[in-house]
Amino acid sequence: MSNASECVVRYSGNPILTAAEIPYPATLIFNAGVAKYEGKYVMAFRNDYGGAEGEAHFEGTNIGLAFSDDGIHWEPRPQPWIEWQTEEIRRAYDPRLTVLEGRCYLCFAVDTGHGVRGGIAVTDDFDAWEVLSLSAPDNRNMVLFPERLDGKFLRLERPFPIYGRGAPENFDLWFSDSPDCRYWGNTQLVLGSEEVPWANAKIGPGAPPVKTEAGWLTLFHAVNIDRDKELPAWHRNWHKTYTIGVMLLDLERPWVVKGMSGEPLMTPEAPYELEGFRGHVLFPGGLILEDCGELKIYYGAADTVECLATADVSDLVALCLRG
Ligand code: BMA
């Protein structure tokens with residue numbers, strides 16, 4: 001069987017969405033969530049706007065929408081969708097989408113005056129959105145599973161404990177469940193960052209899991225920090241490489257890892273992944289399983305553009321089970 005990275009094919013037309021295609025102020029278009037909803041592909045993407053290319057200063061962040069018939073070519077909506085600002089809330093970003101029982105749920109990170117909170121909202125029309133829960137800080141990278149288990153909503157999340165963890169950025173991937181998507185409990189550790197052999201720092205859930213016979217297949221990001229190596233970025237002191245890992249979670253006990261690829265599934269290598277606002281960053285936010293067994297992997301590249309890669313679901317399941 002092939003190496004992990006050989007199981008993935010980058011779309012030749014990457015990137016699939018950039019700031020140049022957005023009909024309102026946009027500088028960085030990245031870290032999108034993607035779902036199939038009512039016969040169309042829908043993408044909710046992060047837009048950091050109001051900065052000049054090459055400069056690391058932006059006026060704000062909003063979440064925009066784009067729609068597609070094939071999951072490859074995208075039509076952005078004329079206006080941004082969500083820009084959340086109050087006295088306490090500064091912005092919502094890095095959206096993930098999960099369709100569950102006909103409704104579309106949106107998870108996002110929320111920067112507030114008192115830390116980063118993981119938010120979950122729901123929409124039925126991609127116009128109105130209702131916030132269902134906001135976690136205690138610091139927590140981000142929430143993703144919802146597309147099904148309930150024993151009546152409960154299931155989520156993966158990434159709290160970031162700065163005092164209790166020993167190393168500055170060794171943050172881990174966790175699970176919790178909820179009867180109503182508002183009150184969360186049954187918190188369980190899923191994967192410690194030390195269990196990812198190719199990374200030395202934080203990990204976090206990426207795309208909402210996809211159900212297979214062998215288990216819930218899910219992508220995560222894993223960060224390696226090399227302080228001796230300056231990576232290309234629009235600002236100084238960028239030392240983090242973000243890779244994509246893949247694992248399989250137990251269907252009945254989704255906090256149990258049944259298998260994980262021992263190598264990264266994707267490592268930054270294409271020019272649009274190596275250079276941009278922050279080079280060497282791959283940040284997966286969407287995973288769609290097509291009827292033919294093809295997986296579409298959506299990921300932000302270099303915190304600058306949104307990209308697509310494909311893989312065969314049976315190859316990724318086999319990779320996880322092989323270890
Ligand atoms: C993380 C998040 C992501 C971003 C990544 C790399 O902490 O802020 O939005 O893609 O860093 O900069």
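First listed ligand is number 1; within each ligand, the first listed atom is number 1.
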More than 12 heavy atoms from other groups under 6.0 Å of CZ on R103: yes

From N62, I63, T61, residue fulfilling side-chain contact (heavy atoms from CB on, under 4.5 Å) relative to E83: N62

Quiz item: cation-pi between R158 and F160, 6.0 Å / 45°: yes

Mode of K240 contact toward ligand 1 - side chain, backbone, both, neither (heavy atoms, under 4.0 Å): neither

Candidate with minimal heavy-atom separation from atom 1 (C) of ligand 1, of F171, Y242, F30: Y242

Ligand 1-proximal atoms of W238, by part, heavy-atom distance under 4.0 Å: side chain

For atom 10 (O) of ligand 1, closest protein heavy-atom neighbour: D303 OD1, 2.7 Å

F175/N186 under side chain to side chain contact (heavy atoms under 4.5 Å, CB included): CA gap, chis, key distance, verdict: CA-CA 8 Å; F175 168 92; N186 186 29; 3.9 Å; yes

Element-labelled atoms of ligand 1 that are located less than 4.0 Å from some non-hydrogen atom of D94: 2 (C), 3 (C), 9 (O)

Distance flag, aromatic centroids of W184 and W174, threshold under 6.0 Å: no

For N31, the ligand 1 atoms whose distance to one of its heavy atoms is below 4.0 Å: 3 (C), 4 (C), 9 (O), 10 (O)

Per-residue contact class, K202 against ligand 1 - non-hydrogen pairs under 4.0 Å: side chain

Heteroatom proximity flag, R140 to ligand 1, N/O under 3.5 Å: yes

Minimum heavy-atom distance C181-I120, with the two atoms named: SG-CG2, 4.0 Å

